[in-house]
Chemist: 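Questions regarding the structure given below will be posed in turn.
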Amino acid sequence: MSDTTTLDPRATGIPKDGSAFIQEIETLADTLTTVRSGVAKVIFGQQDVVDQTLVTVLAGGHALLIGVPGLAKTRLVETLGIVLGLDDKRIQCTPDLMPSDILGSEILDEDADGRRSFRFVEGPVFAQLLMADEINRASPRTQSALLQAMQEHSISVAGHTHALPSPFHVLATQNPLEQEGTYPLPEAQLDRFLLQVSVGYPDIDAERAMLLATTGADEAKPKQVLSAADLLRAQKLLRYLPVGESLVEAILGIVRSGRPDSSEIEAVRRHVSWGPGPRASQALMLAIRARAVLDGRLAPSIDDVLELAYPVLRHRMALNFAARAEGVSLDSVIDSLCAPYR
């Protein structure tokens with residue numbers, strides 16, 4: 001069996017000629033280098049976070065950014081909106097936030113002749129890049145409304161379905177420290193996030209650069225590099241990037257071995273309460289393609305699979321009580337899943 005899949009560009013507008021396809025991928029890689037440079041002028045010391053967020057958007061998914069306050073999560077979303085040429089909006093989630101506050105609602109209008117009719121007023125969810133700040137502070141009712149938008153790219157209000165803009169991406173944030181007054185996200189909603197991105201503190205050099213750059217008279221401003229149409233084109237192109245059969249088997253092996261009822265790994269059977277479903281395999285397949293192009297490569301490698309297995313699986317697995325009592329971490333369990341492929 002061949003170690004590469006056959007390139008079959010059947011979608012409208014995708015070059016059928018292999019050399020033309022390669023040239024377009026290389027051009028996209030050069031453009032993404034400019035995108036990364038533009039973001040780096042504003043976001044300091046968070047290159048892994050930036051790259052994983054870009055991977056999420058390029059793959060057409062949503063990301064959950066987890067980190068303590070003050071690590072530029074909001075600034076990152078605003079910067080990406082500018083650099084990628086997307087219409088971005090922000091929702092500050094609170095316990096009293098209602099579904100209509102994010103989806104929109106129908107209001108009663110009266111014209112000059114006294115005739116009355118209902119008119120739908122769009123909420124902030126009608127954006128191409130939506131930031132849901134502290135998403136776990138929203139009530140389950142509001143979280144479920146956002147879940148439909150994330151999965152279906154449409155919403156239902158008063159019996160009518162309204163399509164959301166294209167592309168549509170949700171970048172949600174969550175504070176891992178403060179849990180009072182929060183509502184844990186249900187597993188069904190967590191599974192809709194392509195990646196869970198861990199946002200840590202910058203190193204001292206990055207923090208020094210940030211300190212000098214953000215407290216002076218002049219502050220760097222991001223510039224637009226792509227448009228929404230360019231991003232949609234990139235998302236379509238990525239789906240035709242060839243993936244080796246060995247990588248497909250590695251993805252399936254890693255994901256399927258994380259399920260405690262069928263895994264042959266002792267650490268999984270002892271410490272995992274529930275494991276990743278098929279959506280994890282889909283997410284990992286799309287993510288490795290995006291990471292390859294982001295790094296200027298024409299095909300993903302096993303290193304991409306091993307690197308992205310953690311942000312893909314962290315929110316799709318749960319440890320049981322025995323694991324927490326023994327101090328076992330989820331990352332150590334994922335280590336055991338990836339070990340046969342290192």
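Reckoned from all heavy atoms, side chains included, excluding hydrogens, waters and symmetry mates. Numbering starts at 1 and runs along the sequence shown.
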Chemist: Within the 4.5 Å heavy-atom criterion, are Met317 and Leu337 side-chain neighbours or not?
Modeler: yes
Chemist: List the steps, then state whether side-chain hydrogen bond (donor to acceptor under 3.5 Å, both in side chains) holds for Asp109 with Ser117.
Modeler: CA-CA 5 Å; Asp109 273 350; Ser117 61; 5.8 Å; no
Chemist: Is the backbone of Pro276 close enough, under 3.5 Å, to the side chain of Arg259 for a donor and an acceptor to pair up by distance?
Modeler: yes
Chemist: Does Ser332 reach the main-chain N or O of Val328 with its side chain, forming a donor-acceptor pair under 3.5 Å?
Modeler: no
Chemist: Could you please spell out the steps behind the side-chain hydrogen bond (donor to acceptor under 3.5 Å, both in side chains) verdict for Asp96 and Thr94?
Modeler: CA-CA 5 Å; Asp96 60 348; Thr94 58; 2.6 Å; yes
Chemist: Hey, does Leu129 have a side-chain heavy atom less than 4.5 Å from the side chain of Leu84?
Modeler: no
Chemist: One pair to check against side-chain contact (heavy atoms from CB on, under 4.5 Å): Asp295 and Arg291. What are the steps and the verdict?
Modeler: CA-CA 6 Å; Asp295 286 347; Arg291 187 174 189 264; 4.1 Å; yes
Chemist: Judged by atom type as modelled, is there a donor-acceptor pair below 3.5 Å linking the side chain of His169 to the main-chain atoms of His62?
Modeler: no
Chemist: Hydrophobic clustering (ILVMFWY, side-chain heavy atoms < 4.5 Å, transitive) - are Leu319 and Ile265 grouped together?
Modeler: yes
Chemist: With a 4.5 Å heavy-atom cut-off, do Arg90 and Asp88 have their side chains touching?
Modeler: no
Chemist: Is Ser105 reaching over with its side chain to a backbone N or O of Asp101, donor-acceptor style, under 3.5 angstrom?
Modeler: no
Chemist: Side-chain contact, heavy-atom cut-off 4.5 Å: Pro95 with Tyr183?
Modeler: yes
Chemist: Apply side-chain contact (heavy atoms from CB on, under 4.5 Å) to the pair Arg192 and Val170, showing each step before the final yes or no.
Modeler: CA-CA 10 Å; Arg192 264 62 178 189; Val170 174; over 6 Å; no
Chemist: Can you confirm whether Ser166 sits close enough to His153 that some side-chain heavy atom of one is under 4.5 Å from a side-chain heavy atom of the other?
Modeler: no
Chemist: Would you please test Leu76 and Leu65 for side-chain contact (heavy atoms from CB on, under 4.5 Å) and show each step?
Modeler: CA-CA 10 Å; Leu76 172 60; Leu65 288 79; 3.9 Å; yes
Chemist: Strictly distance-based, threshold 3.5 Å: is any side-chain N or O of Gln235 a donor or acceptor partner for the main-chain N or O of Val57?
Modeler: yes
Chemist: Any chain of hydrophobic side-chain contacts (each under 4.5 Å) joining Met98 to Ile91?
Modeler: no
Chemist: To the nearest 0.5 Å, how far apart are CG in Leu284 and CG in Asp304?
Modeler: 9.5 Å
Chemist: Under 4.5 Å between any side-chain heavy atoms of Ile302 and Ser246, yes or no?
Modeler: no
Chemist: Do any N or O atoms from the side chain of Gln128 and from the backbone of Asp87 form a donor-acceptor pair under 3.5 angstrom?
Modeler: yes
Chemist: Please test Val125 against Phe168 for side-chain contact (heavy atoms from CB on, under 4.5 Å), starting from the C-alpha separation and ending with a verdict.
Modeler: CA-CA 9 Å; Val125 75; Phe168 174 72; 3.9 Å; yes
Chemist: Which distance, rounded to the nearest 0.5 Å, do you find between the CG of Leu330 and the CZ of Arg324?
Modeler: 11.0 Å
Chemist: Tell me which pairs pass side-chain hydrogen bond (donor to acceptor under 3.5 Å, both in side chains) where either residue lies in residues 48-58, with sequence neighbours left out.
Modeler: Arg36-Asp51, Gln47-Asp51
Chemist: Please answer whether the main-chain N or O of Asp191 pairs with a side-chain N or O of Arg316 as donor and acceptor at a distance below 3.5 Å.
Modeler: yes
Chemist: Strictly below 4.0 Å, N to O, side chains only: are Arg233 and Asp230 in salt-bridge contact?
Modeler: no
Chemist: Applying side chain to side chain donor-acceptor pair (under 3.5 Å), name anything that partners Arg137, two or more places apart in sequence or on another chain.
Modeler: Glu134, Glu178
Chemist: In terms of heavy-atom contacts, does CD of Glu326 have more than 12 from other residues, nucleotides or ligands at under 6.0 Å?
Modeler: yes
Chemist: Grouping I, L, V, M, F, W and Y whenever their side-chain heavy atoms are under 4.5 Å apart, do Val199 and Ile66 come out in a common cluster?
Modeler: no
Chemist: Taking Ile102 as the starting point, is it possible to reach Leu171 by hopping between hydrophobic residues whose side chains are less than 4.5 Å apart?
Modeler: no
Chemist: For a side chain to side chain contact (heavy atoms under 4.5 Å, CB included) with Tyr341, tell me which candidate from Ile254, Val305, Asp303 qualifies.
Modeler: Ile254
Chemist: In Å, rounded to the nearest 0.5 Å, how long is the span from CG of Leu232 to CG of Leu237?
Modeler: 11.0 Å
Chemist: With a 4.5 Å cut-off on side-chain heavy-atom distances among I, L, V, M, F, W and Y, is there a chain of contacts connecting Leu64 to Leu194?
Modeler: no
Chemist: Does some side-chain heavy atom of Ile135 sit less than 4.5 Å from a side-chain heavy atom of Gln189?
Modeler: yes
Chemist: Quick test of your reading: applying ring pair (Phe, Tyr, Trp, His ring centres under 6.0 Å), list the pairs with at least one residue in residues 103-132, sequence neighbours left out, ordered by first then second residue.
Modeler: Phe120-Phe126, Phe120-His162
Chemist: About how many Å separate CZ of Arg289 and OH of Tyr240, when rounded to the nearest 0.5 Å?
Modeler: 10.0 Å
Chemist: Is the side chain of Gln224 donor-acceptor paired with the backbone N or O of Leu86 at a distance under 3.5 Å, no angle test?
Modeler: no
Chemist: Side chains of Asp331 and Arg314: closer than 4.5 Å at any heavy-atom pair?
Modeler: yes
Chemist: Is a side-chain donor or acceptor of Ser263 paired with a backbone partner of Pro260 at a separation under 3.5 angstrom?
Modeler: no
Chemist: Less than 4.0 Å between a side-chain N and a carboxylate O, is that true for Asp133 and Lys73?
Modeler: no
